[in-house]
Amino acid sequence: MDQRTSYPLVGLAFCAALSACTTAREEQVMRDGIVFEPVYQSVDTRLLEGDLVNFLVFMTGARNDQDVHQYAECAAAQYALIRGFGFARHLRTTVNFQGGIWSGDAVYTISAALPRGSKTIDAEVIVSSCKDNRIPTV
């Protein structure tokens, strides 16, 4: 390959790489036109009774309730793994926004076997997804 053919190829590769970076950054920062700059503040975990666990999460920069719900789900999944269980079942999450701070109050059951119900999660799969999406766990 002579120099005349290599320059356009290098330029094309550079543009493709730059385009991929811009797209990934835009996806990370924007959803429905809202800037996403999360600050995951804290998780409070309380064992209520037996396999029933309450998670209180606090964050700023959420786009909506779903971001808060995902943060609580990540905490629940990691908690299940720490306790030696592989699954959790979502019972409820309430979300509030006040003074610029989002809070979530979520309740899950944890179990070794896949629980009945439609809102079950595989803890290992969720924790892996949380790490990929840079959402902290317990």
Exactly one of Val68, Leu56, Thr94, Asn96 should register a side chain to side chain contact (heavy atoms under 4.5 Å, CB included) with Ser103. Which one does? Asn96

Nearest heavy-atom pair of [X] and [Y]: which atoms, and what distance?
X      : Y      : result
Ala72  : Ala106 : CB-CB, 3.8 Å
Asn64  : Gln66  : OD1-N, 2.9 Å
Ile110 : Ala80  : CG2-CB, 3.9 Å

With side chains defined as the heavy atoms from C-beta onward, is the minimum distance between Arg92 and Asp105 less than 4.5 Å? yes

Is there a path of hydrophobic side-chain contacts, each under 4.5 Å between heavy atoms, that joins [X] and [Y]?
X      : Y      : answer
Ile121 : Tyr79  : yes
Val95  : Phe36  : yes
Phe58  : Phe97  : no
Val43  : Ile135 : yes
Ile126 : Phe85  : yes

Side chain to side chain contact (heavy atoms under 4.5 Å, CB included), that's the test. Do Ile101 and Gln41 meet it? Break it down for me. CA-CA 9 Å; Ile101 298 174; Gln41 296 178 336; 3.9 Å; yes

Step by step, work out the side chain to side chain contact (heavy atoms under 4.5 Å, CB included) result for Val53 and Thr45. CA-CA 7 Å; Val53 186; Thr45 305; 3.7 Å; yes

For Arg116, look at atom CZ and say whether over 12 heavy atoms of other residues, nucleotides or ligands are found less than 6.0 Å away. no

Roughly how far apart are [X] [atom1] and [Y] [atom2], rounded to 0.5 Å?
X      : Y      : atom1 : atom2 : answer
Cys130 : Tyr40  : SG    : OH    : 9.0 Å
Arg89  : Thr109 : CZ    : OG1   : 4.5 Å
Met59  : Ser42  : CE    : OG    : 11.5 Å
Thr137 : Tyr71  : OG1   : OH    : 9.5 Å

Restricting to salt bridge (charged side-chain N to carboxylate O under 4.0 Å, His left out), what partner residues turn up for Asp44, sequence neighbours left out? none

Cationic N near anionic O, under 4.0 Å, Arg83 to Asp51: no

Report the relative orientation of the aromatic rings in Phe55 and Tyr108; use parallel for angles under 30°, tilted for 30 to 60°, perpendicular for over 60°. perpendicular

Are the side chain of Asp122 and the backbone of Glu124 linked by a donor-acceptor contact shorter than 3.5 Å? yes

